[in-house]
Amino acid sequence: MAAEAQTFIQLPVLPLSRALDPHTKPQFLSDLRSALLNVGFLYLSETGLPAKLTRDVIAECKGFFENLPQEEKERIEMRNQKSFLGWSRLDNETTAFNTDHREQLDLSTPHPVPGPEAPLYHNLLAPNQWPSPQHLPTFRPAFEEYMRRMSDISILFTSLIAEAIGLPADAFSQFFDEQQQHKLKIVKYPEVDVPNLPTGASQIDRKKWEIKRQGVGPHKDSMLTSYLLQASNQPGLQAQNAKGQWIDCKPIDGTLVVAIGQGMEALTNGVCASTTHRVLSPQKGEGARYSIPFFQGVSYDAKFEAMDVPEPVLKLRDEARKARKDDVEFTFVKGRWGHLGEATLMNRVKSHPDVGERWYPDLLRQVRLQ
């Protein structure tokens with residue numbers, strides 16, 4: 001039954017409010033366990049996020065891309081800093097060796113610049129590069145409040161994941177810093193002028209079409225969990241099921257799309273599936289697509305060793321694994337990295353070679369050799 005469920009054709013919708021009611025929590029945990037084993041992607045509704053805050057961050061997101069002068073964006077460009085925080089130009093990031101047709105701003109919960117004795121990967125901990133309040137006076141307050149709220153939601157949800165697979169609610173606490181860094185992006189996917197793919201197109205033509213429409217190429221998220229606020233009505237986000245089919249994850253008002261990260265899959269010995277997903281750019285006439293993903297952080301000093309998941313749950317995992325399609329490189333391979341931070345830094349260099357070229361030339365050479 002688990003193997004059949006993995007060939008999902010739509011995402012489950014889980015109301016978070018039901019996890020807070022002792023009468024409905026057992027069913028919520030059962031539904032969550034099924035989603036973790038068989039899908040790795042879900043809609044989270046009734047999250048408790050204030051509707052006004054959601055409207056504000058969506059408005060600020062669009063305002064950044066549409067109203068901020070180019071020179072102001074360049075002032076906070078990502079390659080200015082070692083932290084990979086800041087603005088990225090259109091077509092500046094790569095995924096699966098192809099260009100992502102998107103423009104974005106990377107932010108995080110605030111941290112001071114690390115000292116000279118800190119490991120190299122601690123460069124990821126740093127202050128944000130904020131747009132000037134002269135141009136966007138309410139941008140920073142809105143996103144700092146949103147990140148605070150999302151931090152609480154992510155910690156709650158991670159504790160529910162632990163309970164759903166038979167672990168103590170605080171099982172993942174050991175992997176968080178006291179002042180944990182979480183990250184957030186605001187993203188714009190402009191329209192592309194690409195005709196619809198003809199029926200019966202060859203595999204080669206399909207691949208060329210997919211590359212032309214690549215907003216973000218096929219990938220799995222890192223860390224533990226991520227939470228996507230789809231900030232406009234354009235479709236584009238797709239998750240891949242076990243048959244290799246791309247399933248649309250259309251925007252639903254009042255929800256966040258939750259993706260299980262590779263870190264969670266590694267920690268739970270494969271019980272929690274990390275699902276391949278992508279974004280197709282909107283086609284001409286559809287309007288730009290906007291999105292605001294929040295990425296739950298983990299201590300960069302953490303080491304990824306599997307946790308003691310109960311045997312019955314591991315058996316369910318084995319059934320689900322039979323059906324899983326897995327053709328995306330896995331980040332947290334045991335023995336390759338001593339700490340999560342090393343793997344994360346290398347991934348950032350791979351995705352943003354302009355930053356790597358300026359600040360991490362030795363790592364960039366390693367990436368290119370690989």
Side-chain angles (χ1 to χ4, degrees), residues 1-48 153-172 220-221 223-228 230 237-250 252 254-277 296 306-326 328 330:
M1 184 174 73
E4 182 179 345
Q6 175 65 16
T7 57
F8 60 91
I9 58 172
Q10 62 184 18
L11 300 190
V13 181
L14 275 62
L16 184 59
S17 61
R18 295 185 185 177
L20 307 179
D21 184 332
H23 296 98
T24 53
K25 185 176 180 179
Q27 185 60 52
F28 178 93
L29 293 178
S30 176
D31 293 341
L32 176 56
R33 182 167 57 251
S34 176
L36 294 170
L37 285 162
N38 301 315
V39 186
F41 241 66
L42 58 97
Y43 291 100
L44 195 62
S45 64
E46 300 177 23
T47 60
I153 288 174
S154 68
I155 296 298
L156 169 62
F157 193 71
T158 305
S159 74
L160 295 169
I161 289 175
E163 291 186 82
I165 61 174
L167 297 173
D170 63 352
F172 297 108
K220 296 179 177 183
D221 287 351
M223 306 303 185
L224 297 189
T225 55
S226 57
Y227 305 79
L228 175 66
Q230 300 194 75
L237 177 64
Q238 296 180 323
Q240 190 177 49
N241 69 15
K243 292 181 178 178
Q245 299 167 326
W246 289 104
I247 306 303
D248 288 324
C249 311
K250 296 180 179 179
I252 300 176
T255 68
L256 300 167
V257 178
V258 180
I260 301 304
Q262 295 186 52
M264 181 65 76
E265 184 168 342
L267 281 178
T268 60
N269 205 2
V271 168
C272 299
S274 182
T275 299
T276 301
H277 54 285
Q296 181 184 37
M307 305 182 77
D308 294 326
V309 179
E311 190 63 31
V313 182
L314 291 177
K315 289 180 178 178
L316 292 174
R317 172 209 63 186
D318 294 339
E319 285 300 311
R321 270 184 173 177
K322 293 176 184 177
R324 268 183 213 171
K325 180 179 175 65
D326 204 1
V328 169
F330 198 73

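The residues of the chain are indexed from 1 along the displayed sequence.
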Enquirer: Taking side-chain hydrogen bond (donor to acceptor under 3.5 Å, both in side chains) as the test, write out the residues that go with Glu46, two or more places apart.
Expert: Ser17
Enquirer: Quick one: side-chain contact (heavy atoms from CB on, under 4.5 Å) partners of Pro12, sequence neighbours excluded?
Expert: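 By the side-chain contact (heavy atoms from CB on, under 4.5 Å) rule, Pro12 matches Leu14, Ala35, Val39, Leu42.
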Enquirer: What is the minimum heavy-atom distance between Asp248 and Gln238, and which atoms define it?
Expert: OD1-NE2, 2.9 Å
Enquirer: Any luck finding a side-chain donor-acceptor pair between Ser45 and Tyr43 under 3.5 Å?
Expert: no
Enquirer: Do Trp246 and Thr276 have side chains that approach each other closer than 4.5 Å (heavy atoms only, starting at C-beta)?
Expert: yes
Enquirer: Kindly state each residue pair satisfying salt bridge (Lys or Arg N to Asp or Glu O under 4.0 Å) with at least one member in residues 10-19, sequence neighbours excluded.
Expert: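 Residue pairs with at least one partner in residues 10-19: there are none.
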Enquirer: If only atom types and distance count, is the side chain of Asp21 paired as donor or acceptor with the main-chain N or O of His23 below 3.5 Å?
Expert: yes
Enquirer: Which pairs with one or both residues in residues 29-38 pass salt bridge (Lys or Arg N to Asp or Glu O under 4.0 Å), sequence neighbours excluded?
Expert: none
Enquirer: How many angstroms lie between atom CD1 of Ile165 and atom CG of Leu29, to the nearest 0.5 angstrom?
Expert: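 Separation between the atoms: 11.0 Å.
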Enquirer: Parallel, tilted or perpendicular: which one describes the rings of Phe157 and Phe28, with boundaries at 30° and 60°?
Expert: perpendicular
Enquirer: Any chance you could measure Ile161, atom CD1, to Leu32, atom CG, to the nearest 0.5 Å?
Expert: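 It is 6.0 Å, given to the nearest 0.5 Å.
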Enquirer: Which atom names give the shortest non-hydrogen contact between Pro168 and Ala162, and what distance separates them?
Expert: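 Distance-wise, the nearest heavy atoms are O-CB, 3.2 Å.
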Enquirer: Suppose we screen for side-chain hydrogen bond (donor to acceptor under 3.5 Å, both in side chains). Which residues come up paired with Asp308, at least two apart in sequence or across chains?
Expert: none
Enquirer: Working to the nearest 0.5 Å, report the span between OG1 of Thr268 and CZ of Arg317.
Expert: 9.0 Å
Enquirer: What closest approach, in Å, do Tyr227 and Leu256 show between heavy atoms, and which atom pair accounts for it?
Expert: CB-CD1, 4.3 Å
Enquirer: Determine which pairs satisfy side-chain hydrogen bond (donor to acceptor under 3.5 Å, both in side chains) with at least one residue from residues 158-171, sequence neighbours left out, and list them in order.
Expert: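 Applying side-chain hydrogen bond (donor to acceptor under 3.5 Å, both in side chains) to every pair that reaches into residues 158-171, excluding sequence neighbours, yields Lys25-Glu163, Thr158-Gln296.
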